[in-house]
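Structure first, then comments.
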Amino acid sequence: MKEYKMNTGTHEISFRLDEKQVIYYAALAELPKKQEEARLIEEALDHPYGAEKLEDAVPEGGRVAIIVDDATRPTPCARILPHLLARIEQKTKDICIMTAPGTHRPMSEKELDEKIGREILERYPLLNVDYTKEEDYEYVLTTELGTPVDLHKEVLKADFVLAVGNIVPHVVVGWSGGAKTIQPGVSARRTTDYTHWIGAVKTNTMDIVGTLDNICRKEIDYIGSQVNLSYIVNTVLNEKKEIQGLFCGHFIEAHRAGVELAEQLLCPVIDHRADIVIANAAPCCFDFWQAFKPYAFAQFGVKEGGTIIFLFEASEGLCGNAPFHLPALKKYMPMTLEEILKEAEEGKIEDEVGATNAINHHKLINHAEIICVSDGLADEDYELLKFKKASTVEEAVEMAKARLGENAEIGMIPFCGETLVKVKGSK
């Protein structure tokens, strides 16, 4: 027996397995460390993709909005922002920092300190965006697909919009980053409702993850092209939130270059899928609204009909970081996919983003058995999600083996919130 350890978010757990049954341990890859972080950031800013250097691109005396992703994302904005601000201030002091929560709750003071840094917060005006304030948004256009685009007014007032984000696999747009900071980041509810709905209804989750050729990515890229997204700064990170690559410049060219590196580092290759996969939800471990991502990613490493042992802290329960969607989850999770779509046809769905989470969940739930190890989920949450419950990893493994056999092969994905395994030889 061998002892294994995984950090589930706020603490480390250990468990023992027969190492002869472990066929893969899908850790993220890392680049050899070549230089210290500050130099890496400066070199990336000196060599942007498809754009001038930041200090040359910013208009003299212009109004600049710097949009940062929220606490559910690991982007080390506090370490990057000083470099950006030093260059922007060569042209203007009219700078506002905005958060991009999408339909998540506004960030807490502690989260703002960690994400942005107290010194920066004391020097620059901050707009902690609250998407429930509909009066803060303004209609811009309707896309060919019919998406009504409403953006935060502060974005529309800016002469130069810079978005800071991180690139990882994503269940709606294939890869995060790029124009996603705009949609859903600083878009109104109805805009996000529309893009997420077409993604859920017209696509299959397992066909979208890790791809760029999908309807939602094309839609948000189009929105970014129409609403003055001037520049992006996107990271590719390792498990320790250390920057492996920084991609600056045009929001499509820089993003695509970042995805190329992300595919190398975040997509470990396995020989074949396992009967049992132990998937640690970190870093998407706030609530199930975020943990749906690792729950979906884990499917790629397990055989159909196998078992996923899902390690999930759930410090904010089922939907604490996006509380607006909780009623929709509770309503639509128990329904069938056909019943949800019927309600949609009848115009009865009030929260389409919440309903899409249930739709995507239904599309995955029958692929593998889910045994969850969590201190944060209530018994009714397990029932709602159709997850089985175990107190320890060892207990979950024994439950799985009782169904699959004592010789079941085991795979492990220790950082599943940002890991997309790929089977050798597959595209």
Side-chain angles (χ1 to χ4, degrees), residues 7-11 13 68-75 77 99-116 128-133 166 168 170-172 176 180 184-189 192-193 196 200 241 279-298 310-334 349-361 364-365 370 372-387 389 391 415-418:
N7 189 317
T8 59
T10 62
H11 66 278
I13 64 170
V68 299
D69 53 12
D70 74 0
T72 63
R73 272 56 178 172
T75 319
C77 296
T99 61
T103 58
H104 304 163
R105 60 165 172 77
M107 292 170 68
S108 68
E109 285 299 315
K110 180 182 178 182
E111 290 167 345
L112 289 168
D113 281 348
E114 292 175 353
K115 171 63 70 168
I116 298 172
N128 191 10
V129 172
D130 182 348
Y131 84 99
T132 65
K133 296 180 178 178
N166 183 51
V168 293
H170 196 272
V171 294
V172 177
S176 67
K180 196 171 180 296
V186 288
S187 299
R189 173 186 159 191
T192 303
D193 273 353
H196 282 58
K241 299 184 183 180
N280 178 21
C284 301
C285 45
F286 280 81
D287 58 10
F288 187 71
W289 190 258
Q290 289 303 311
F292 180 81
K293 287 178 282 189
Y295 160 67
F297 301 163
F310 196 47
L311 313 186
F312 171 37
E313 281 197 357
S315 58
E316 298 192 35
L318 189 67
C319 203
N321 201 261
F324 177 82
H325 301 304
L326 184 58
L329 290 187
K330 289 189 172 182
K331 177 178 180 180
Y332 294 112
M333 283 293 190
I349 295 181
E350 295 181 0
D351 176 10
E352 291 183 337
V353 173
T356 61
N357 191 288
I359 289 173
N360 288 326
H361 186 74
L364 296 177
I365 193 61
I370 311 295
C372 189
V373 180
S374 174
D375 293 329
L377 291 182
D379 287 343
E380 56 266 30
D381 297 332
Y382 280 94
E383 183 177 355
L384 189 72
L385 296 170
K386 298 181 176 64
F387 288 177
K389 182 178 181 180
S391 299
F415 204 64
C416 198
E418 296 183 357

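All heavy atoms count here, side chains included; hydrogens, waters and symmetry mates do not. Fair warning: this is a prediction, and the values are worked out from it, not measured in the lab.
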Is the shortest heavy-atom distance from the side chain of Glu109 to the side chain of Leu112 under 4.5 Å?
yes

Taking C-beta and beyond as the side chain, do Asn360 and Val171 meet within less than 4.5 Å on heavy atoms?
no

Residues Phe324, Tyr131; criterion ring pair (Phe, Tyr, Trp, His ring centres under 6.0 Å); working and verdict:
CA-CA 10 Å; Phe324 177 82; Tyr131 84 99; 5.8 Å; yes

Given side chains that start at C-beta, do those of Thr75 and Val68 come closer than 4.5 Å, heavy atoms only?
no

Rounded to the nearest 0.5 Å, how far apart are CD of Glu114 and SG of Cys77?
12.5 Å

Before you tell me yes or no, could you show the steps for Glu316 and Arg105 under salt bridge (charged side-chain N to carboxylate O under 4.0 Å, His left out), namely the whole-Å CA-CA distance, both residues' side-chain angles and the distance that decides it to 0.1 Å?
CA-CA 12 Å; Glu316 298 192 35; Arg105 60 165 172 77; 3.0 Å; yes

Strictly distance-based, threshold 3.5 Å: is any side-chain N or O of Asp381 a donor or acceptor partner for the main-chain N or O of Leu384?
no

Can you find a pair of side-chain heavy atoms, one from Pro283 and one from Phe415, that are under 4.5 Å apart?
yes

Minimum heavy-atom distance between Thr10 and Asn7, given as atom pair plus value
N-OD1, 4.0 Å

Quick check: are there more than 12 heavy atoms from other residues, nucleotides or ligands sitting under 6.0 Å from NZ of Lys330?
no

Spatial distance of atom CZ (Phe288) from atom OG (Ser374) [nearest 0.5 Å]
11.0 Å

Check the orientation of Phe312 and Phe310. Use parallel for under 30°, tilted for 30 to 60°, and perpendicular for over 60°.
tilted

Ignoring hydrogens, what is the shortest heavy-atom contact between Glu111 and Ala71? Give both atom names and the distance.
CD-CB, 3.6 Å

Close side-chain approach of Asn357 and His196, heavy atoms under 4.5 Å
no

Residue pair Leu364 / Ala296: nearest heavy atoms and the distance that separates them:
CD1-CB, 3.7 Å

Chi angles and distances behind the salt bridge (charged side-chain N to carboxylate O under 4.0 Å, His left out) call for Asp379, Lys389:
CA-CA 9 Å; Asp379 287 343; Lys389 182 178 181 180; 2.9 Å; yes

Determine whether a donor-acceptor pair (N or O, by modelled atom type, separation under 3.5 Å) exists between the side chain of Thr99 and the backbone of Pro101.
no

Check: His104 main-chain N/O paired with Asn321 side-chain donor or acceptor under 3.5 Å
no

Roughly how far apart are Tyr295 OH and Cys284 SG, rounded to 0.5 Å?
15.0 Å

What are the two closest non-hydrogen atoms of Gln290 and Pro294, and how far apart are they?
O-CD, 3.5 Å

Return the minimal non-hydrogen interatomic distance between Trp289 and Cys319, and the atom names on each side.
CE3-SG, 3.9 Å

Do side-chain atoms of Asn166 reach the backbone of Ser176 as a donor and acceptor pair under 3.5 angstrom?
no

Contact between Glu313 and His11 at the side-chain level, heavy atoms closer than 4.5 Å - yes or no?
yes

What distance separates Cys416 SG from Glu418 CD, expressed to the nearest 0.5 Å?
10.5 Å

Any donor-acceptor pair under 3.5 Å from Asp287 side chain to Ala314 backbone:
no

If I take atom CE from residue Met107 and atom CD1 from residue Ile116, how far apart are they, to the nearest 0.5 angstrom?
5.5 Å

I want to check something: taking the side chain as every heavy atom from C-beta on, are Ile370 and Leu385 in contact at a cut-off of under 4.5 Å?
no

State, with a plain yes or no, whether a side-chain heavy atom of Ile349 is found less than 4.5 Å away from one of Tyr332.
yes

Please determine whether the number of non-hydrogen atoms from other residues, nucleotides or ligands lying under 6.0 Å from atom NZ of Lys241 exceeds 12.
no

Could you tell me whether Asp375 atom CG has more than 12 heavy atoms of other residues or ligands within 6.0 Å of it?
no

Least distance between heavy atoms, Ala328 atom then Ala355 atom
CB-N, 4.2 Å

Measure up the Phe387 and His361 rings against each other and bin them: parallel (under 30°), tilted (30 to 60°), perpendicular (over 60°).
tilted

Dump the intermediate steps for side-chain contact (heavy atoms from CB on, under 4.5 Å) on Asp351 and His325, then the final yes or no.
CA-CA 7 Å; Asp351 176 10; His325 301 304; 2.8 Å; yes

